[in-house]
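Notes follow the structure.
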2 protein chains.
Amino acid sequence: MTDTARAAATTAATSGSKSEQAYAAVKARIVDGTYSPGYRLVLAKIAEDLGVSVVPVREAIRRLEAEGLVKFERNVGATVSGIDPTEYLYTMQTLSIVEGAATALSAPLIGAADVARARAVNAEMRECLQHFDPVRFTRLNQDFHSVLFEHCPNPHILDLVHRGWNRLASLRSSTFRFVPGRAHESVDEHEALLQLIESGASPDDIEKAARRHRSATLDAYLAQTNAGSLSAH
Amino acid sequence: MTDTARAAATTAATSGSKSEQAYAAVKARIVDGTYSPGYRLVLAKIAEDLGVSVVPVREAIRRLEAEGLVKFERNVGATVSGIDPTEYLYTMQTLSIVEGAATALSAPLIGAADVARARAVNAEMRECLQHFDPVRFTRLNQDFHSVLFEHCPNPHILDLVHRGWNRLASLRSSTFRFVPGRAHESVDEHEALLQLIESGASPDDIEKAARRHRSATLDAYLAQTNAGSLSAH
DNA sequence: CCATAGTGTTTCGTATACGATTTCGTACTC
DNA sequence: GAGTACGAAATCGTATACGAAACACTATGG
């Protein structure tokens with residue numbers, strides 16, 4: 001179990017409900033990769049691991065299903081979802097839309113301090129490219145975008161963004177590879193986004209830019225898979 | 001009970017799982033207004049109504065919570081959510097975004113037959129305005145938009161649209177009133193949308209138009225309630 | 001050797017039961 | 001008369017138990 005997962009589990013233990021605890025614990029394990037796509041989630045086993053009975057575990061898993069992190073089949077069981085490249089496409093496309101909107105809505109509320117913070121993160125990302133540290137790069141990437149939409153005044157949209165990121169996180173370390181060429185472009189686009197925000201560009205332009213930023217990552221993935229160099233190893 | 005609700009209930013009865021049955025049944029009652037916002041959902045009572053035990057009911061309600069139709073408070077119980085005007089704003093804003101995207105993605109796949117069908121629906125809506133039939137108008141409005149995004153190739157986005165509509169449906173008959181002036185504008189905008197699609201306009205233009213269409217409804221509501229200070233769009 | 005039926009094991013699905021928590025009504029005190 | 005303390009009722013939360021469905025494996029017939 002990673003630190004992140006352990007932290008989440010601890011937090012969950014603090015909150016009273018065992019159902020909440022199970023939910024947070026399983027979610028953390030999916031997001032951090034302990035349970036990777038296709039992993040079979042056996043209710044009784046998870047219940048024993050967490051020291052609770054199956055009922056709250058079942059409830060937690062149904063909730064995760066509603067978020068798209070888990071696939072539940074009647075009388076068969078639950079598996080961590082997300083192997084399918086088609087799902088990846090759907091998720092990325094949806095994320096490009098809601099993330100674009102979230103960023104545009106946040107933009108007027110982003111201050112100089114936020115921009116500076118984002119820039120610092122982006123600088124670190126550049127370093128990661130030189131030292132080739134994809135894991136850290138991915139984490140920093142999330143930090144960067146968090147700065148962009150954390151001020152989003154509409155919690156529903158923010159929630160959709162988070163769900164999208166969670167789904168991606170569950171895929172991250174398994175099926176879909178880090179694409180160095182795309183990563184370089186990405187940090188450049190980050191800087192361009194920050195300048196757009198600083199310059200007080202229209203929400204519409206910011207939305208378009210943010211959307212394109214993610215669409216480009218999707219395109220890079222599609223180009224790679226079409227080229228036949230699949231992530232077979 | 002509306003046709004939609006009856007259909008959902010029937011489907012639920014056909015599917016074997018009691019949890020599914022409870023989910024569909026309660027959802028239908030929320031959407032069709034049998035359970036209106038603020039209604040207290042007592043697990044034991046619902047269980048008895050449906051002839052099942054509390055466990056599947058509880059599970060169903062947690063799922064509805066994940067969809068935003070229900071608010072669940074620990075050790076207190078569940079209530080149908082949606083009274084808050086702020087929530088209405090959030091929902092409409094989110095819907096304008098996902099619906100706009102869904103319509104734009106569908107547009108290239110919409111054929112002449114679809115357009116004709118939508119036009120017929122819109123004509124009926126005009127009639128409803130003359131006879132003042134808000135209930136029927138609302139149902140037709142949903143039919144109209146269904147034609148627009150039913151071909152959306154991304155099921156995730158489609159799902160978000162449906163969730164938004166469900167939330168609105170639960171509000172419809174209670175808190176938020178029918179605004180005749182806005183309704184007249186609405187049917188005109190529908191026709192404009194259809195012409196945009198027929199003319200093969202760019203997805204971007206279609207998305208903007210679809211988005212504005214919903215934003216305008218939100219604005220009309222805000223103007224009516226004088227809660228204009230909330231507007232962010 | 002393959003197909004298939006039968007049996008055992010695993011795992012899910014839900015009813016029931018009981019402890020825990022909140023809420024509401026009532027009586028008591030100031 | 002207002003506020004508080006206490007007890008009863010209602011409701012939730014979860015453990016346990018058992019029936020049902022799916023899966024894996026073996027045995028049997030072709």
Side-chain angles (χ1 to χ4, degrees), chain A residues 8-27 29-30 35-81 83, chain B residues 8-9 11-30 35-81 83:
Chain A
T10 308
T11 307
T14 309
S15 118
S17 159
K18 303 202 174 177
S19 161
E20 287 291 330
Q21 174 191 348
Y23 170 76
V26 175
K27 183 171 181 174
R29 283 166 176 70
I30 292 174
Y35 298 155
S36 46
Y39 185 92
R40 179 77 184 281
L41 297 166
V42 179
L43 297 185
K45 193 168 168 298
I46 294 173
E48 199 190 345
D49 283 355
L50 300 176
V52 301
S53 83
V54 295
V55 178
V57 172
R58 182 183 162 80
E59 186 180 298
I61 288 189
R62 289 308 277 259
R63 278 217 273 162
L64 292 168
E65 185 195 18
E67 292 182 24
L69 287 174
V70 161
K71 189 165 175 293
F72 206 95
E73 213 170 338
R74 172 164 167 84
N75 278 322
V76 173
T79 53
V80 178
S81 67
I83 311 175
Chain B
T11 306
T14 309
S15 119
S17 159
K18 303 201 174 178
S19 161
E20 287 290 331
Q21 175 190 349
Y23 169 77
V26 175
K27 182 172 180 173
R29 282 165 175 69
I30 292 174
Y35 298 155
S36 46
Y39 186 91
R40 179 78 184 281
L41 297 166
V42 179
L43 297 186
K45 193 167 168 301
I46 294 174
E48 199 189 346
D49 282 356
L50 300 176
V52 300
S53 83
V54 295
V55 178
V57 172
R58 182 184 162 81
E59 187 179 298
I61 289 188
R62 288 309 278 260
R63 278 217 274 163
L64 292 168
E65 185 195 19
E67 293 182 24
L69 287 174
V70 162
K71 189 165 174 295
F72 205 97
E73 212 171 337
R74 174 167 166 81
N75 277 323
V76 173
T79 53
V80 178
S81 66
I83 311 175

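So that the names make sense, note that chain A is the first sequence line, chain B the second, and so on, each numbered from 1. Quick note: numbers below take in every heavy atom, side chains included, and nothing from hydrogens, waters or symmetry partners.
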TODO: Starting at atom NZ of Lys45(A), determine the distance to atom P of dC12(C), rounded to an integer number of angstrom.
DONE: 12 Å
- [ ] Answer with base, sugar-phosphate or nothing: what part of the nucleic acid does Val55(B) contact at a heavy-atom distance below 4.0 Å?
- [x] base
TODO: Looking only at side-chain atoms of Arg40(B), point me to the closest of dA15(D), dT22(C), dT11(D).
DONE: dT11(D)
- [ ] For residues Ala78(B) and Val70(B), report the shortest heavy-atom separation together with the two atoms involved.
- [x] CB-CG1, 3.8 Å
Task: Nearest-Å distance for atom pair CG/C1', residues Leu43(B) and dT14(D) - done: 13 Å
- [ ] Report yes if some heavy atom in the side chain of Glu20(A) is under 4.5 Å from a heavy atom in the side chain of Arg74(B); otherwise report no.
- [x] no
TODO: Using whole Å, report how far NZ of Lys18(B) lies from P of dG19(D).
DONE: 14 Å
TODO: Can you tell me the distance, in whole Å, between the CZ atom of Arg58(B) and the C1' atom of dA15(D)?
DONE: 13 Å
TODO: Write down the distance between CD1 (Ile61(B)) and C1' (dG13(D)), rounded to a whole number of angstrom.
DONE: 14 Å
TODO: Under 4.0 Å between any heavy atoms, over every strand shown, what does Val42(B) touch: base, sugar-phosphate, or nothing? Just pick one.
DONE: sugar-phosphate
Open item on the list: Reading DNA chain D from 5' onward, which residue's closest nucleotide shows up sooner: Ser53(A) or Val76(A)?
Closed with: Ser53(A)
Open item on the list: How many whole angstroms separate atom CD of Glu20(A) from atom C1' of dC12(D)?
Closed with: 14 Å
- [ ] Would you kindly give the CZ-to-P distance between Arg74(B) and dA10(D), to the nearest whole Å?
- [x] 22 Å
- [ ] Quick one: label Leu41(B) by what it contacts on the DNA or RNA (base, sugar-phosphate, nothing), any heavy atom closer than 4.0 Å.
- [x] sugar-phosphate
Task: Rounded distance (nearest 0.5 Å) linking atom OG1 of Thr79(A) with atom CD of Glu73(A) - done: 7.5 Å
Open item on the list: At less than 4.0 Å, is any side-chain N or O atom of Ser17(B) found next to OP1 or OP2 of dT14(C)? Yes or no.
Closed with: yes
Open item on the list: With a 4.0 Å limit, can you tell me whether Ser19(B) has a side-chain N or O closer than that to the phosphate oxygens OP1/OP2 of dC12(C)?
Closed with: no
- [ ] Determine, step by step, whether Leu41(A) and Leu64(A) satisfy the side-chain contact (heavy atoms from CB on, under 4.5 Å) criterion, reporting the C-alpha distance in whole Å, the side-chain angles of both residues, the deciding distance to 0.1 Å, and the verdict.
- [x] CA-CA 12 Å; Leu41(A) 297 166; Leu64(A) 292 168; 5.9 Å; no
- [ ] Provide, to the nearest angstrom, the distance between the CD1 atom belonging to Ile46(A) and the C1' atom belonging to dA15(D).
- [x] 18 Å
Task: Residue pair Tyr23(B) / Arg62(A), side-chain heavy-atom distance below 4.5 Å - done: no
